[in-house]
Amino acid sequence: MWRLNPSPEVLGVGSPGAGLPGAGSSGAGVRALLPCGDSAFLVELPDLNAVVAYYRGLTGASAAASLSLPRGIIDVVPAARTVLVTFDPGAIRPAEVRDWLESAEPARDSVSLGGEVTIEVSYGGPDLAETAQFLGMSEAEVVKLHTSSEWTAAFSGFAPGFVYLVTTHERLRVPRRNTPRTAVPAGAVGLAGEFSGVYPRSSPGGWQLIGTTTAALWDASKADPALIRPGDVVRFVEA
Amino acid sequence: MAIVVVNPGPLTLVEDLGRQGWASLGLSPSGALDGQSLRLANLLVGNPVDAAGLEILLGGLRLRFVTASTVAVTGAEGIVTLNGAEIPLNQAARVAPGAVLDFGVPLFGLRYYLAVQGGIDAPKLLGSSSTDMLSGEGPAPLKSGEQLGIGRVSVGNGSGFSTGAWPLINVAAHPAIRRAPDPGRAITARVDRGPRADWFDHDSWPRLVSQDWILSPDSNRIGARLVGRPLTQTRHEELPSEGMVLGALQVPPSGLPTVFLADHPVTGGYPVIAVVRRTDLDLLGQARPGQRIRFLG
């Protein structure tokens, strides 16, 4: 069943809850198809679970460099509670796009779809101790929970290559730092709200930093520059 | 095969037609703000329409050509000189080795486009050499003393550049020249309903399409900020970040909209009341600070 959001929190995103992607039994769970000019629709969904499942269903996973989209579809952009679909009206009729969006089935299997990415992390970030204290765990328990959880790339944002990762529990939910850092180094692994994420480049940031990776999250010299794409499954391992 | 940047002016960027289709990775489409003018410049020198050229904000650019070349300047209108002699805009011009090309402050419009036969040779990200001022991806803005390489692209050379290129013979005969907008007159842009039009009171849509908005000097390639009588939101809950389209009129709590241009953030958390038609965004790319803008919807 689709879960409704009683209390939107960080970023207004609902809790991912258990059983990602938690596909519903009837239809795609599309709440509304909002017009967005003459060459896009904004699909409203009940929550982030539904977004991930719907996005995976639409794009047929994200393992391939190019998604399997109908001709004329330009972008499929998942966000907290919506999926934006832009198209070229010269190549596909709005009614066809509408049909495609309304008939899409959410993907039910989180493992068989999407790419899998493993990221090596040196834990011991500047906020690990504070995070452990906030969660009432030892630092080792935070690391164990972070590495044993299966994370799902829900959506990008903030900077190219940055992906909001969610998992099936909220035991690592922590608030952002009261005062954001003016410079977070590239490769910093952080927690904020129900999300985990890796900074692709040095930037200001308010996430709780628990570790660092040497993996390149964004490499503009590659034909496929993003290490993680929406829909992917991500696992963290200790370096 | 090079061009020396003697003076870059306030902001000169390498731009082509951008990289569409990567918003899910957090990348803006980028590309020339006035794509129609870059296309025309490319056609005039025999390039594929999507070859990389220069987008020259407010003139001030001085280039010295090391090798002979053929160039065309389109978009904004002002005085452009080659070795001190004014050259016609919207026409191909031969450039001798050692020649100096100077761009005066435009009198109409804001951004010149320069195409060089063969295209500007710059590294590509996801198929495009465009500079994206939001993410910082793509070539850095031009600097004094920098050398630009000239590429070898041409229409029908089978280099893979030919996507979307028109047969040169048809357009060279009748190039579609659109004059740069007169700064003393309002620019008109058509709008369609946006996804959150119902987040505003009943007067907001009429107010959006009946008044003359003024382009704020804070505008850039990311967005055209507008000043006028504010629009009024009736819903005050926080909008979870959602995907933003090119041309979205995003309205923050101030009630003053920003039109998202080529380097716009791919997601945003303010409601979008309307979306400017893609074909009318080129004109907005030529709007000058203080210029009046009218929406037709």
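Values in this document were obtained by computation on a predicted structure and should not be read as measured data. Sequence lines set the chain letters: A, B, ... in the order given, protein chains first and strands last, and positions in each chain run from 1.
Taking all atoms of both residues into account, the shortest heavy-atom contact from Met244(B) to Leu84(A) is N-CD2, 3.7 Å. Here the closest non-hydrogen pair linking Gly243(B) and Thr82(A) is N-OG1, 4.3 Å. In terms of heavy atoms, Thr86(A) sits closest to Val245(B) at CG2-CG1, 3.6 Å. Leu42(A) and Pro195(B) get closest at one heavy-atom pair: CD2-CB, 3.7 Å.
Heavy-atom distances place no part of Ser221(A) under 4.5 Å from chain B, backbone and side chain included. Only the side chain of Glu137(B) comes within contact range of chain A, with at least one heavy atom under 4.5 Å from a heavy atom of that chain. Neither the backbone nor the side chain of Val272(B) comes within contact range of chain A; no heavy atom of the residue lies under 4.5 Å from a heavy atom of that chain. Looking at Ala220(A), both its backbone and its side chain come within 4.5 Å of chain B, counting heavy atoms on both sides. For chain A, the nearby parts of Leu25(B) are the backbone and the side chain; heavy atoms of each come within less than 4.5 Å.
Although no hydrogens or angles enter the test, the distance criterion places no donor-acceptor pair under 3.5 Å between the side chain of Arg277(B) and the main chain of Asp38(A).
Interface check for chain A: of the options Ser135(B), Gly194(B), Pro123(B), the most heavy-atom pairs under 4.5 Å are formed by Ser135(B). Taking Asp75(A), Val83(A), Leu34(A), Val85(A) one by one and counting their heavy-atom pairs under 4.5 Å with chain B, the maximum is reached by Asp75(A). Of the listed residues (Leu33(A), Val77(A), Ile73(A)), the one with the most heavy-atom contacts under 4.5 Å to chain B is Val77(A).
Between the CG atom of Leu125(B) and the CH2 atom of Trp218(A) there is a distance of 5.5 Å, given to the nearest 0.5 Å. In this structure, OG in Ser241(B) is found 7.0 Å from CZ in Phe155(A), a value given to the nearest 0.5 Å.
Residues Trp22(B) and Pro225(A) are not in side-chain contact: their nearest non-hydrogen atoms beyond the backbone lie 4.5 Å or more apart.
The number of heavy-atom neighbours closer than 6.0 Å to CZ of Arg235(B), taken from other residues, nucleotides and ligands shown, is above 12. Under a cut-off of 6.0 angstrom, the local environment of CZ in Arg225(B) is sparse, with at most 12 non-hydrogen atoms contributed by other residues, nucleotides or ligands. Around CZ of Phe200(B), the count of heavy atoms belonging to other residues, nucleotides or ligands within 6.0 Å exceeds 12.
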